[in-house]
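Worksheet: the structure to be examined is printed underneath.
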Amino acid sequence: MDKASTSSANRASFQGNHKTQKSPNNGKAKAKKSPNTDINVADVEMLLNPSSNLTKEQKERRKMMEGFVTKQFERAENESEGSDIDTSASTSNKGKSKAARPTDRKRRLQAEDSPPADANNNNTKNGKDDKVSKESASTQGASATKRKPPRSQGLEHTSPIQVNGKALACPLVRKSLPAAGASGASGPAKSCPLPEKRKSLPAGAAKSKSPVIKQEALEEASNEALEEASNEDQLLAPPKETHKTDSIEEGRRVLQWLLNPIKVNNFFDDFWEHTACVVQRKNPHYYSKLISFKMIDEVLVRHRLDFTINVDVTTYKNGKRETLNPEGRALPPVVWGLYSEGCSIRILNPSTYLGGLRHVCSIMQEFFHCLVGANVYLTPPNSQGFAPHYDDIEAFVIQVEGRKRWRLYEPPSGADQLCRNSSCNFDQEQLGEPILDEVLEAGDLLYFPRGTVHQAITEEEQHSLHITLSVYQQQAYANLLEKLMPIVLKKAIKQSVALRRGLPLHTFHVLGEAQRANRSDSRNQLVENVQKLVTKHLMPSAQDIDEAVDQLAKKFQHEALPPIILPEEQVRTVFGSRSTADEQGNAICDYEFDTKTSVRLLRANILRLVTEEDGSVRIYHHVDNGFEYCKYEPIFMEILPEEAAAVELLISAYPYYLTVGQLPLDSAARKVEVVTALWERGLLMTENPFK
């Protein structure tokens, strides 16, 4: 992201010093301050918005105030290093001032400086609330030492929040907006506070397993693994002999790059669909090539993105979630103007416009055998864009820039675990105690399963830019059964006379909601008969399940991103073919197949062979899909039933090449014809280029 403007940087520096002066350690400094150094609204305007039209007295006053702010900041920095050490630490730890997480130190200062607030962010003043506030501040202050440390994957400490004028802030501040602290101007919008924590879990509720892995795990990783994990170019460098790689293994490699140093197998054993985990790297550039503020600005300029379709503008203030989308195209001045006013920006289909991100999604979809989607969220400092909610996806949160505090909660009920649909917005009072409360920094990763309630907020001096990768939406056993049971029932009806017999005349009088209290023999007999019919005739066969999986896989072919064709692949596929014309104007192709030509599928999941209900055989594929979600109707090519065996052999042989002559077809001419048709559709790749 571009550095903040001078006025924004000065504002960050001034606010940071002003906050530090509230610390008890600054009492002496405050007592020594002369009357001439009292800061008023005019001074703030003069510091943040310097003008050449100042009187001599104003210029001298401004110079004095700049020196005063600089000295105060230096004093605050020195004092914060010495005064923030946890007093409960042992004498042997006195010299280790960085042992406490800087984020915890920041939260303690905020808890001491800020008045208590209710669920709607209204300040309270009665004695009872003051007592709660003190208890809350005390609890947060002691959390770093008294509670069991959260198990995080990565380095032990997070970076301190910068307040020295270099902190990343809003990249565009409207001149028409009043300066912070000016008369009549409201300060930064506050998000809803944390919900009041339960003193104990409800009776019968088991305490959840800590959702993050131990910090020490990274230290146990080998130096070789750490070097691999810190190499952000690893993703962009294609493997040797790309045309021989297995696309599923490539998807695993990219997932490993995301999760490093967690091994993929360990991830699926310990976390997948079970609990959350955090990876902390201390490498702010790890994901920086995927997206940046500059990239977003260029996308808005070069492409037409429309509000609501491609871009959402959202806020969550005082417990109320709002979408503030204007109409029409999302042009940069409008987007950044709303962002500067404290709104969050969500881009719904960034992989359409960003090649690097699209590459990640298209490779990972080979491993997960489903669409891998992406949303981008840009949030200004001290803001929250969305209310607490849960989603119907497995979420990988990739922190690219800035910092963001995430709080996760257990699914509200058992029916919400691994949910199939996203929830409505929750009120803060509906939430219990967070199962995870962590600050993600640039280069960090957070995973959590579908059904996990979550909310996130930026800190006062830090914006946030993150990507959420979504996988396994509508990919459950339930989705398979929804495809399977109609197939089973239709076949059973054809084969069983018993299922085609008429219902007894008295059925409506003994069955139904109004008849549940009826305990007659007729009712019991009918219930038993229906259960027997289901048990006897509706048990799916292996063939039925195959058909249902094919129908489910057709959905993937319709939704999937088209493959990214690498240079080594291009010269071996139709995408690198160029035709010329002879003197008579006849087209001459630069390729010609024979029985010795070696071929294989372009990707493991590039196509799906499906026998439809009417007996036709189709090959569904996603080579020609658009970058937008389901932009076109499902794409397929129809083949003869006797040609299906050749396609099946190509599928089973992947990732190895086989010669055209090995295909199980009647004649050499037929073999060449089938391979040529598949290659011309972009589904096959030759072992050697034709040129």
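All values below come from the heavy atoms of this structure, side chains included, with hydrogens, waters and symmetry mates left out.
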Residues which pass side-chain hydrogen bond (donor to acceptor under 3.5 Å, both in side chains) with K483, listed by chain and number, not counting sequence neighbours: none
Value rounded to 0.5 Å, distance of OG1 in T597 from NZ in K671: 13.0 Å
Test side-chain hydrogen bond (donor to acceptor under 3.5 Å, both in side chains) applied to T468 - qualifying residues, sequence neighbours left out: H466
Side chains of D416 and Y390, donor plus acceptor under 3.5 Å: yes
Atom pair CG (N375) and CZ (R346), whose distance is rounded to the nearest 0.5 Å: 6.0 Å
Polar side-chain atom of Q455 near backbone of H389 as donor-acceptor pair, under 3.5 Å: no
Residue pair Q474 / N479, side-chain donor-acceptor N/O under 3.5 Å: yes
salt_bridge(E569, R603) N-O dist < 4.0 Å: yes
Sequence-distant partners of T535, side chain to side chain contact (heavy atoms under 4.5 Å, CB included), two or more places apart: none
Flag, side chain of R572 to backbone of E687, donor-acceptor distance under 3.5 Å: yes
Those residues that, when tested against K536, pass side-chain hydrogen bond (donor to acceptor under 3.5 Å, both in side chains) (two or more places apart): none
Sidechain-backbone polar pair: D550 side chain, E547 backbone, donor-acceptor under 3.5 Å: no
Under 3.5 Å donor-acceptor, R407 side chain and D437 backbone: no
I565 and L602, any side-chain heavy atoms less than 4.5 Å apart: yes
Pair Q365-E559, side-chain donor/acceptor within less than 3.5 Å: no
Test: R252 and E366 ion pair at under 4.0 Å: no
E528 bridged to K532 by N-O distance under 4.0 Å: yes
Student check: side-chain heavy atoms of P261 and V279 closer than 4.5 Å: yes
Polar side-chain atom of H506 near backbone of P504 as donor-acceptor pair, under 3.5 Å: no
Aromatic ring proximity, centroids under 6.0 angstrom, F267 and Y447: yes
Neighbour count above 12 (heavy atom, 6.0 Å) for D624 CG: yes
P388 and Q428, any side-chain heavy atoms less than 4.5 Å apart: yes
Distance, nearest 0.5 Å, that separates CD1 of I248 from CZ of R253: 15.0 Å
S247 side chain vs A604 backbone, donor-acceptor pair below 3.5 Å: yes
CG-CE distance between L683 and M637, expressed to the nearest 0.5 angstrom: 6.5 Å
Side-chain donor-acceptor contact under 3.5 Å, K554 with Q551: yes
Aromatic ring proximity, centroids under 6.0 angstrom, W257 and F396: no
Other residues, nucleotides, ligands: >12 heavy atoms within 6.0 Å of R501 CZ: no
Salt bridge (charged side-chain N to carboxylate O under 4.0 Å, His left out) contacts in which one or both residues fall within residues 642-668, not counting sequence neighbours: E643-R670
Side-chain donor-acceptor contact under 3.5 Å, N518 with H509: no
Check: R600 side chain, Y657 main-chain N or O, donor-acceptor pair, under 3.5 Å: no
Stepwise side-chain contact (heavy atoms from CB on, under 4.5 Å) test for R516 and R523: CA-CA 9 Å; R516 286 179 184 173; R523 174 183 171 85; 4.2 Å; yes
E241 side-chain N/O to H243 backbone N/O, donor-acceptor pair under 3.5 Å: no
E638 atom CD, over 12 foreign heavy atoms within 6.0 Å: yes
Check: F690 ring centre within less than 6.0 Å of F593 ring centre: yes
side-chain hydrogen bond (donor to acceptor under 3.5 Å, both in side chains) against D306, all qualifying residues, sequence neighbours excluded: R304
Result of checking Y632, F627, F556, F636 against H622 for ring-ring contact (aromatic ring centres under 6.0 Å, His included): F556
Under 3.5 Å side-chain donor-acceptor pair for T323 and N325: no
R500 side chain vs K494 backbone, donor-acceptor pair below 3.5 Å: yes
